[in-house]
Undergrad: 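Have a look at this one before I ask anything.
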Amino acid sequence: MDILNIATTLIVLAAFFGYLNARFLKFPDAIGLMLIAILFSAATIMAGSIFPDILEFEKELVTQIDFKEILLDGFLSIILFAGALHTDLNLLRTMRGPILMFATLGVLLSTFLVAGMMFVGFQGLGLDVPFIHCLLFGALISPTDPIAVLGILKNAGISKALEIKIVGESLFNDGIGVVIFLTIFSIAFLGNGEISSVDIALLFFKEVGGGILLGFGLGYLAYFLMKSIDSYQVEVLITLAIVLGGYWLARYLHFSGPLAMVVAGLMIGHERFRSSGMSNITETYVDKFWELLDLSFNAILFVLIGLELTIISLDGEYLLAGLLAIPVVLLARYMALFFPIRLFKRRLGLAPQTGIMMTWGGLRGGISIALALSLTASMSRELLITVCYIVVVFSIIVQGLSVGGLARKYRKRLEAAGQPAD
């Protein structure tokens, strides 16, 4: 299949699944599309013995798509920029302390907690998985996915203060998480003696610091260009060029492209930028254009996640390991957030339910799957892909569908007790 046929098939499936969800299920787009795609893949697998051509067609479609490349090097820049563009920067600033700790210390601590517990769990299931491979799993599953979070929480009905904590963390922690993953990947691939603590520090500061600085530069460049003209068509094109060109530049310089896109999106979406750099008609078209891209790319992405079911291993021990990983990942996240929440609880007036809500609302998604697919065969790849997929499916469907109800339950409990809702 050539790229045009692949793209056509995915768009047709996304549109059809989107219609079924809007017409019948009425779930949030991310959940509905992925759930229908999973059911479609399951039906295809079951029908494979009778109609093998259908199963082979879907497998051929999925195997010819480089999920890691299409997400990390393609969709991610557009979706992150679109999400940051509509995030309240002023509210984000008030929560910068806990968000910074969640996205750095929280991800690092969760990586080691997940690795330790899964190492014991794998041994208990009779699966001989080296600890360094458990660390790889901890690194790829610990960052919450901004794509899943942005696609689900905005319709979940949780409070704005809590939403900005979870969304703000997810926008920044994937960049940190990828750096941690790449470091552990290098150690596993090259060996402990080939990479030093100095190399790790340089990689971290180059990726993170360079990405943030590049994002500021892209934001100011967009401001200068858009302020000097009044043509909404060209200004929309400028924002698209900033995202695609900026992400390519970040990859070339080995900076964090995700962080660059987040910073650029926050700057261009800021009220001061909008009021002095865009006319009202430009602002409307920029917002609508990026909302449409966000919806379209999210739809295709979550359909792809659902279709991945046809290529993962359904070995019984692997499935048990995946089920074990669900409470492990949730427990590790709660423990990793405990100290930062306690530290900022009084200063920012965090409500009692913050830890539980951030644990349940911290969704995993396509980024974790993309990182798992980048593992080599010698890194327990098949097992970790299956475990990762089960955690992601549970996170998006079960956590995504229930987080709104959990938030309403806690809000009512706080109101009954006469306490402010976070």
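Scope of the values below: all heavy atoms of this structure, side chains included, with no hydrogens, waters or symmetry mates.
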Undergrad: Atom CD1 in I70, atom CZ in F75: separation rounded to 0.5 Å?
TA: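 Result: 4.0 Å between the selected atoms.
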Undergrad: Minimum heavy-atom separation for P146 and L80, please, with both atom names.
TA: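 Smallest interatomic distance, heavy atoms only, reads CG-CD2, 3.4 Å.
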Undergrad: Could you tell me whether the side chain of S374 and the main chain of L371 form a donor-acceptor pair under 3.5 Å?
TA: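 Side chain of S374 to backbone of L371, a donor-acceptor pair under 3.5 Å: yes, one is there.
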Undergrad: Counting C-beta onward and ignoring hydrogens, is there a side-chain heavy-atom pair between F255 and E207 closer than 4.5 Å?
TA: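 No, side chains not in contact.
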Undergrad: Crowded around F131 CZ? As in, over 12 foreign heavy atoms under 6.0 Å?
TA: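 Count over threshold, so yes.
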Undergrad: Tell me the closest heavy-atom pair linking A372 and L140, and the distance in Å.
TA: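 For A372 versus L140, the nearest heavy atoms are CA-CD2, 4.0 Å.
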Undergrad: Less than 3.5 Å apart, which donor and acceptor atoms pair up between the side chains of residues 212-226 and the rest of the protein, not counting sequence neighbours?
TA:
unit_1	atom_1	unit_2	atom_2	d
Y223	OH	K227	NZ	3.2
Y223	OH	S276	OG	3.2

Undergrad: Got a second to check how far I326's CD1 is from L324's CG, nearest 0.5 Å?
TA: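 These two atoms lie 9.5 Å from each other.
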Undergrad: Enter the distance from M34:CE to L309:CG here, rounded to the nearest 0.5 Å.
TA: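 M34 atom CE to L309 atom CG measures 10.0 Å (nearest 0.5 Å).
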Undergrad: Who are the side-chain hydrogen bond (donor to acceptor under 3.5 Å, both in side chains) partners of T44, not counting sequence neighbours?
TA: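 Applying side-chain hydrogen bond (donor to acceptor under 3.5 Å, both in side chains) to T44 gives E58.
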Undergrad: I want to check something: taking the side chain as every heavy atom from C-beta on, are D294 and I78 in contact at a cut-off of under 4.5 Å?
TA: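 No, side chains not in contact.
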Undergrad: Going from OG on S186 to CG on L182, what distance comes out if it is rounded to the nearest 0.5 angstrom?
TA: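 If we round to the nearest 0.5 Å, S186:OG and L182:CG are 6.5 Å apart.
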Undergrad: Just wondering, do L293 and F81 contact through their side chains at under 4.5 Å, heavy atoms?
TA: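 No - every pair of side-chain heavy atoms lies 4.5 Å or more apart.
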Undergrad: Ring-plane angle category for W248 and Y252, please: parallel below 30°, perpendicular beyond 60°, tilted otherwise.
TA: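 Parallel: the ring planes of W248 and Y252 meet at under 30°.
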Undergrad: Should the ring pair F137 and F122 be called parallel, tilted or perpendicular, given that the plane angle runs from 0 to 90° and is split at 30 and 60?
TA: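 Answer is perpendicular, since the angle exceeds 60°.
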Undergrad: Within the structure provided, determine whether V178 and S256 are in side-chain contact (heavy-atom separation under 4.5 Å).
TA: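 No - every pair of side-chain heavy atoms lies 4.5 Å or more apart.
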Undergrad: Would one find more than 12 heavy atoms of other residues, nucleotides or ligands at under 6.0 Å from atom CZ of F112?
TA: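 No, CZ of F112 has 12 or fewer neighbouring heavy atoms, counting only those of other groups under 6.0 Å.
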Undergrad: Do D315 and T386 make a side-chain contact, defined as non-hydrogen atoms from C-beta onward lying under 4.5 Å apart?
TA: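 D315 does not reach T386 side chain to side chain.
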Undergrad: Apply the test side-chain contact (heavy atoms from CB on, under 4.5 Å) to residues M101 and F344: give CA-CA distance (whole Å), side-chain angles for both, the deciding distance (0.1 Å), then the verdict.
TA: CA-CA 10 Å; M101 290 198 71; F344 290 97; 3.4 Å; yes
Undergrad: One pair to check against side-chain contact (heavy atoms from CB on, under 4.5 Å): L25 and L20. What are the steps and the verdict?
TA: CA-CA 7 Å; L25 297 182; L20 292 178; over 6 Å; no
Undergrad: Taking atom CD of E271 as the centre, does the number of heavy atoms from other residues, nucleotides or ligands within less than 6.0 Å exceed 12?
TA: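 No, the 6.0 Å shell around CD holds no more than 12 heavy atoms from other groups.
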Undergrad: Any non-hydrogen side-chain atom of S380 less than 4.5 Å from a side-chain atom of L384?
TA: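 Yes. Closest side-chain heavy atoms under 4.5 Å.
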Undergrad: For the residue pair L76 and I367, establish whether any side-chain heavy-atom pair is separated by less than 4.5 Å.
TA: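 L76 reaches I367 side chain to side chain.
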Undergrad: Which class fits the ring pair F181 and F185: parallel under 30°, tilted 30 to 60°, perpendicular over 60°?
TA: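 The rings of F181 and F185 sit tilted, inter-plane angle from 30° to 60°.
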Undergrad: I'd like to know if the side chain of S142 reaches the main chain of G138, judged simply by a donor and an acceptor atom lying under 3.5 Å from each other, with no hydrogens or angles considered.
TA: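 Between the backbone of G138 and the side chain of S142 there is a qualifying donor-acceptor contact (under 3.5 Å).
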Undergrad: With side-chain hydrogen bond (donor to acceptor under 3.5 Å, both in side chains) as the test, would you mind laying out the steps for T144 and N173 before giving the verdict?
TA: CA-CA 7 Å; T144 55; N173 71 8; 3.0 Å; yes
Undergrad: Check the pair Y318 / L127 against side-chain contact (heavy atoms from CB on, under 4.5 Å), numbers first and verdict last.
TA: CA-CA 9 Å; Y318 289 11; L127 298 169; 4.2 Å; yes
Undergrad: Do you know the tightest heavy-atom contact between L109 and A336?
TA: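 It is CD2-CA, 3.8 Å.
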Undergrad: How about CG on N280, more than 12 heavy atoms from neighbouring residues, nucleotides or ligands closer than 6.0 Å, or not?
TA: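 Counting other residues, nucleotides and ligands, CG of N280 stays at 12 neighbours or fewer.
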Undergrad: Rounded to the nearest 0.5 Å, how far apart are OH of Y285 and OG of S231?
TA: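 Between Y285 OH and S231 OG, I get 11.5 Å after rounding to 0.5 Å.
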Undergrad: Return the minimal non-hydrogen interatomic distance between L135 and T111, and the atom names on each side.
TA: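 Result for this residue pair: O-CG2, 3.7 Å.
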Undergrad: So does L363 get a backbone contact from the side chain of D145, meaning a donor-acceptor N/O pair under 3.5 Å?
TA: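 No.
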Undergrad: Identify the heavy atoms of V149 and G361 that sit nearest to each other, and give their distance.
TA: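 So the two residues come closest at CG2-O, 4.1 Å.
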Undergrad: Given side chains that start at C-beta, do those of V391 and V328 come closer than 4.5 Å, heavy atoms only?
TA: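 No. Closest side-chain heavy atoms not under 4.5 Å.
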Undergrad: R364: which residues meet the side-chain hydrogen bond (donor to acceptor under 3.5 Å, both in side chains) condition with it, sequence neighbours left out?
TA: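 Listed in chain order: nothing, the list is empty.
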Undergrad: Roughly how far apart are S368 OG and I385 CD1, rounded to 0.5 Å?
TA: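 Answer rounded to 0.5 Å: 12.5 Å.
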Undergrad: Examine distances only and state if a side-chain atom of E169 and a backbone atom of A103 form a donor-acceptor pair shorter than 3.5 Å.
TA: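 Answer holds: no.
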Undergrad: Identify the two heavy atoms, one from I369 and one from C388, that lie closest to each other, and give their separation to 0.1 Å.
TA: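 Where I369 meets C388 most closely, the heavy atoms are N-SG, 3.8 Å.
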Undergrad: Would you sort out whether F27 and L33 count as a side-chain contact (heavy atoms from CB on, under 4.5 Å), showing the intermediate values?
TA: CA-CA 9 Å; F27 289 158; L33 285 164; over 6 Å; no
